[in-house]
Amino acid sequence: QVQLQESGPGLVNASQTLSLTCTVSGGSITTNPYYWSWIRQPPGKGLEWIGYIGYRGNSYYSPSLKSRTSISRDTSKNQFSLQLRSVTPEDTAVYYCVRDFTGTPNYWGQGTQVTVSS
């Protein structure tokens, strides 16, 4: 059974960088054909896809967040990470790491609340 666990600070100051790490167990982040995504849900709003890193290390980002987003991985630790720069209170959300299969998330972390203070 694949399990994902988010970790990182729950509070970030505006203009700083939001950094989260997802630790994966029960499956390798280098396994074809899966890729590894970050998704968020602001309070009172729907889910928003942020981006992913593929099993070969290729990364893609939502056009609305591309200029501020980096997703990287550490294969030795079976982890992948999110960096969201220049955050504002609009970035306050529950952040999830997920495993994707052909564009459909099929395993989710429990989510972690990140609040951006102004």
Side-chain angles (χ1 to χ4, degrees):
Q1 179 83 337
V2 175
Q3 294 182 313
L4 301 91
Q5 177 65 61
E6 304 90 348
S7 61
L11 295 171
V12 183
N13 292 327
S15 81
Q16 301 301 302
T17 296
L18 183 159
S19 298
L20 297 172
T21 296
C22 184
T23 300
V24 179
S25 61
S28 173
I29 61 173
T30 66
T31 297
N32 183 350
Y34 305 113
Y35 46 104
W36 307 87
S37 296
W38 289 97
I39 295 171
R40 69 181 184 180
Q41 185 168 33
K45 299 184 181 298
L47 296 169
E48 179 184 18
W49 177 73
I50 299 169
Y52 71 77
I53 187 162
Y55 63 91
R56 291 192 173 97
N58 51 303
S59 58
Y60 295 90
Y61 311 115
S62 169
S64 65
L65 298 170
K66 182 178 181 179
S67 66
R68 299 192 289 133
T69 306
S70 296
I71 298 175
S72 58
R73 68 180 186 175
D74 184 340
T75 58
S76 70
K77 297 179 179 179
N78 212 37
Q79 295 177 330
F80 65 104
S81 299
L82 170 69
Q83 306 283 322
L84 184 63
R85 298 175 291 275
S86 302
V87 297
T88 74
E90 303 300 312
D91 294 309
T92 294
V94 177
Y95 285 75
Y96 300 91
C97 58
V98 306
R99 190 188 78 175
D100 267 311
F101 175 65
T102 61
T104 302
N106 56 3
Y107 286 92
W108 295 68
Q110 67 181 12
T112 187
Q113 173 71 43
V114 180
T115 299
V116 179
S117 61
S118 60

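Bear in mind that the values here come from a model prediction, so they are computed numbers and not experimental data. Values below: all heavy atoms of this structure, side chains included; hydrogens, waters and symmetry mates excluded.
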Q. Which heavy atom of Thr30 sits nearest a heavy atom of Ser28, and at what distance?
A. OG1-OG, 2.8 Å
(Q) If we ignore hydrogens and angles and just use 3.5 Å, is the side chain of Arg68 paired with the main-chain N or O of Arg85 as donor and acceptor? (A) yes
**Q.** Ile53 CD1 to Asn58 CG distance, which is reported to the nearest 0.5 Å
**A.** 7.5 Å
Q) Is there a path of hydrophobic side-chain contacts, each under 4.5 Å between heavy atoms of I, L, V, M, F, W or Y residues, that connects Tyr95 with Tyr107? A) yes
Q: Examine distances only and state if a side-chain atom of Asn78 and a backbone atom of Val24 form a donor-acceptor pair shorter than 3.5 Å.
A: yes
Q. Is there a chain of hydrophobic side chains (I, L, V, M, F, W, Y, each step under 4.5 Å between heavy atoms) that links Phe101 to Ile29?
A. yes
Q) Roughly how far, to the nearest 0.5 Å, is the OG atom of Ser86 from the CG atom of Leu18? A) 11.5 Å
(Q) Between Glu48 and Leu65, is there a side-chain heavy-atom distance shorter than 4.5 Å? (A) yes
Q. Can you list the steps and then say if Tyr34 with Val2 is a side chain to side chain contact (heavy atoms under 4.5 Å, CB included)?
A. CA-CA 12 Å; Tyr34 305 113; Val2 175; over 6 Å; no
Q. Where the side chain of Thr115 meets the backbone of Thr92, is there a donor-acceptor pair that is under 3.5 Å apart?
A. no
Q | Thr104 versus Asp100, closest heavy-atom pair with distance | A | C-OD1, 3.2 Å
Q.
Between Val12 and Val114, is there a side-chain heavy-atom distance shorter than 4.5 Å?
A. yes
Q: Output every pair passing disulfide bond (SG atoms under 2.5 Å apart) with a member in residues 21-118, not counting sequence neighbours, ordered by first then second residue.
A: Cys22-Cys97
Q: Verify whether one side chain among Arg73 and Ser59 offers a donor that lies under 3.5 Å from an acceptor in the other.
A: no
Q | Distance (rounded to the nearest 0.5 Å) between Thr21 OG1 and Asp74 CG | A | 9.0 Å
Q) Which distance, rounded to the nearest 0.5 Å, do you find between the CD of Gln113 and the CD of Gln41? A) 10.5 Å
Q) Should Arg40 and Leu82 be marked as a side chain to side chain contact (heavy atoms under 4.5 Å, CB included) after you check the CA-CA gap, both sets of side-chain angles, and the distance that decides it? A) CA-CA 11 Å; Arg40 69 181 184 180; Leu82 170 69; over 6 Å; no
Q | Selection residues 4-14 - residue pairs positive for side-chain hydrogen bond (donor to acceptor under 3.5 Å, both in side chains), sequence neighbours left out | A | Asn13-Ser117
Q: Spell out, yes or no, whether Leu20 and Leu47 are grouped together once hydrophobic residues are joined by side-chain heavy atoms under 4.5 Å, including indirect joins.
A: no
Q: Taking atom types as modelled, find out whether Ser19 and Thr17 have a side-chain donor-acceptor pair closer than 3.5 angstrom.
A: no
Q: Specify the closest pair of heavy atoms between Ala93 and Pro43, including all atoms of both residues, with the distance to one decimal.
A: CA-CD, 4.4 Å
Q) Which atom names give the shortest non-hydrogen contact between Tyr35 and Thr102, and what distance separates them? A) OH-C, 3.2 Å
Q.
Checking ring pair (Phe, Tyr, Trp, His ring centres under 6.0 Å) between Trp38 and each of Tyr96, Tyr61, Phe80, Tyr52, which is the one that passes?
A. Phe80
(Q) Walk me through whether Trp108 and Val98 qualify under side chain to side chain contact (heavy atoms under 4.5 Å, CB included). (A) CA-CA 4 Å; Trp108 295 68; Val98 306; 3.4 Å; yes
Q. Do the side chains of Trp36 and Ile39 join up, straight or via other hydrophobic residues, at under 4.5 Å, putting them in one cluster?
A. no
